[in-house]
2 protein chains.
Amino acid sequence: MVTPNQLAEVAAAIGEPARAAMLVALMDGRALTAGELAEVAAVTPQTASGHLAKMVAAHLIVGEKQGRHRYHRLAGADVAVLIESMMRIGGGGPALRKPLRVGPRDAALRAARTCYDHLAGQLGVRISDALVAMGAVEIEGDNGLVTRRGLELMAEVGIALPVHPRPRAPRPLCRPCLDWSERRPHIAGQLGAALCAHAFERAWVRRIGGSRALEVTPHGKTALREAFGIRTDG
Amino acid sequence: MVTPNQLAEVAAAIGEPARAAMLVALMDGRALTAGELAEVAAVTPQTASGHLAKMVAAHLIVGEKQGRHRYHRLAGADVAVLIESMMRIGGGGPALRKPLRVGPRDAALRAARTCYDHLAGQLGVRISDALVAMGAVEIEGDNGLVTRRGLELMAEVGIALPVHPRPRAPRPLCRPCLDWSERRPHIAGQLGAALCAHAFERAWVRRIGGSRALEVTPHGKTALREAFGIRTDG
DNA sequence: GTGATCCTTCGCTTCGCACCGAACCATCCC
DNA sequence: GGGATGGTTCGGTGCGAAGCGAAGGATCAC
């Protein structure tokens with residue numbers, strides 16, 4: 001039998017403006033402190049503490065204590081895609097009224113953004129397409145895998161991946177994630193996270209105004225073309 | 001800029017036990033009257049009326065007046081997959097604790113069920129695979145299309161589809177829908193709905209105890225093998 | 001027409017919970 | 001040690017919403 005009450009609990013944990021604001025702030029995959037989350041939600045620290053406890057109990061976020069700070073992040077990519085699909089229903093209007101014009105209206109968000117811990121938007125999809133075309137990864141339906149050639153390529157570029165990629169690992173090496181705006185898969189999983197981290201470390205991309213939107217740096221344009229043959233102008 | 005408040009509105013519209021129960025009852029794609037929904041939610045009709053109005057305002061369901069009855073159904077397949085993914089988070093526990101064992105625990109639900117208005121579960125995925133193998137449909141990422149050969153095949157089997165399948169129609173002819181338990185795409189859209197309706201009309205399948213779970217009838221096993229070459233025993 | 005059924009609107013009560021002030025732990029810095 | 005900073009716990013207040021009873025359309029059956 002299914003569970004209507006559990007459904008209500010999860011939804012109720014999201015359905016409050018302050019908590020929703022916190023979740024949106026966590027959508028980029030970063031871990032934020034309780035105080036920072038209190039600020040983005042415009043509530044006092046003690047109120048935020050209660051909200052965070054509720055969301056942890058609902059398995060939406062996880063908290064980790066570090067010194068006198070407590071960092072919170074989304075419990076998983078599942079939560080991120082859940083929230084994105086909810087925003088699509090709420091923002092884009094009903095599917096029956098306006099079937100077109102899905103995705104964020106902000107052009108910058110459509111061009112490039114982070115989705116949980118990996119790259120999304122046109123940039124994410126282009127990288128994904130390029131890796132498929134190069135035979136580095138294979139994507140079929142809901143499953144994805146990194147080929148031997150892909151492992152070599154990542155090593156060349158300098159992206160570290162686990163040496164023994166076990167199947168059925170706690171976190172898959174490569175997993176397709178449906179892109180919100182492009183409606184096509186981009187690469188998530190450990191490979192997606194590693195690519196994203198690498199892009200930040202080498203300053204291929206940087207956040208626009210601390211948001212989820214990204215811009216590709218001039219140096220990044222060159223590096224992306226050399227590494228994966230991707231054109232990012234246009 | 002993104003919209004935390006719209007997110008909260010949608011979630012709040014789901015996050016109440018009575019409303020969640022109604023949505024779960026509508027998950028099979030049928031349209032239920034306000035009175036029936038009041039019963040499944042265990043509230044009085046006047047309370048249910050208020051709940052239904054809220055969910056209509058949140059674009060989760062749509063209401064249609066017929067005589068003195070008012071039928072309500074989910075606003076779209078988007079809503080159905082949203083609710084399924086929410087139940088996955090709430091029911092299966094956090095993704096970090098038990099990464100395996102996704103999908104409904106009920107074996108019958110895994111085998112065959114309805115998802116909104118089309119077939120899902122092993123049965124749905126097998127039909128989808130068979131149609132792809134026969135060249136009747138093509139699925140690529142988030143897009144799907146019915147080939148000329150597929151139209152011929154449907155005509156042979158006796159499944160009616162719109163004669164002029166316009167691209168960008170208000171509802172796509174064929175759309176892949178990620179299967180909850182199988183984690184692979186099955187066929188939704190108008191073709192998926194037509195297939196499901198046909199399977200019910202010809203008594204290929206029937207509901208188990210009025211739930212979303214389906215069983216394939218002996219006659220259905222034969223018909224599915226003849227029409228699409230699908231084995232349903234095992 | 002009259003009665004019955006289905007649904008909605010109105011008024012009211014009650015309960016939950018978001019919010020903050022104050023006080024209380026934990027940790028870091030000096 | 002003392003002080004400062006980040007978080008949490010504890011009461012208490014107030015708003016909002018879920019719930020039902022009663023009354024009011026709307027539609028069908030006769």
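A note on names: the letters A, B, ... follow the listed sequences, proteins ahead of strands, and every chain is numbered from 1.
Distance, A/Arg70 CZ to C/dC25 C1': 14 Å, rounded to whole Å. For the pair B/Glu9 CD and D/dG16 P, the interatomic distance rounds to 15 Å; values are reported in whole Å. When rounded to the nearest whole Å, the span between CD of B/Glu64 and P of C/dC6 equals 19 Å. Remark: P of D/dG6 and CG of A/Leu32 are 15 Å apart, rounded to the nearest angstrom. Between the C1' atom of C/dA26 and the OH atom of A/Tyr71 lies a distance of 16 Å, rounded to the nearest Å. Look at CD1 on B/Ile14: it is 17 Å from P on D/dA17, rounded to the nearest Å.
Considering only side-chain N and O atoms, A/His69 lies nowhere under 4.0 angstrom from the phosphate OP1 or OP2 of C/dT27. Between A/Thr33 and D/dG7 there is a side-chain polar atom (N or O) within less than 4.0 angstrom of OP1 or OP2.
Within the structure, the salt bridge (charged side-chain N to carboxylate O under 4.0 Å, His left out) test picks out the following pairs touching residues 190-211 of chain B (sequence neighbours left out): B/Arg206-B/Glu215.
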Base, backbone or nothing for each nucleotide of nucleotides 18-30 of chain D, written B, S, -, heavy atoms under 4.0 angstrom, 5' to 3'?
SSBB----SBB--
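For the residue pair A/Arg19 and A/Ala12, the shortest heavy atom distance occurs at NH2-O, 3.0 Å.
Under the ring-ring contact (aromatic ring centres under 6.0 Å, His included) criterion, A/His198 pairs with A/Trp204, sequence neighbours left out. Considering only residues two or more places apart in sequence or on other chains, B/Glu39 meets the side chain to side chain contact (heavy atoms under 4.5 Å, CB included) condition with none of them.
Inter-residue side-chain proximity for A/Cys196 and A/Thr114 is flagged as met; some heavy-atom pair is nearer than 4.5 Å. In this structure, the side chains of B/Val10 and A/Ile14 stay at 4.5 Å or more apart for every pair of heavy atoms. Side-chain contact between A/Leu32 and A/His72 is absent, with no heavy-atom pair separated by less than 4.5 Å.
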Distance-only donor-acceptor hits, side chain of residues 42-50 of chain B, under 3.5 Å, sequence neighbours excluded:
unit_1: B/Thr44; atom_1: OG1; unit_2: B/Thr47; atom_2: OG1; d: 3.1

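Using a cutoff of 4.0 Å between basic side-chain nitrogens and carboxylate oxygens, A/Glu84 and A/Arg212 are scored as salt-bridged.
Direction change of the helix axis from one end of the helix from C/dG1-D/dC30 to C/dC30-D/dG1 to the other is 30°, with five pairs defining each end axis (rounded to 10°).
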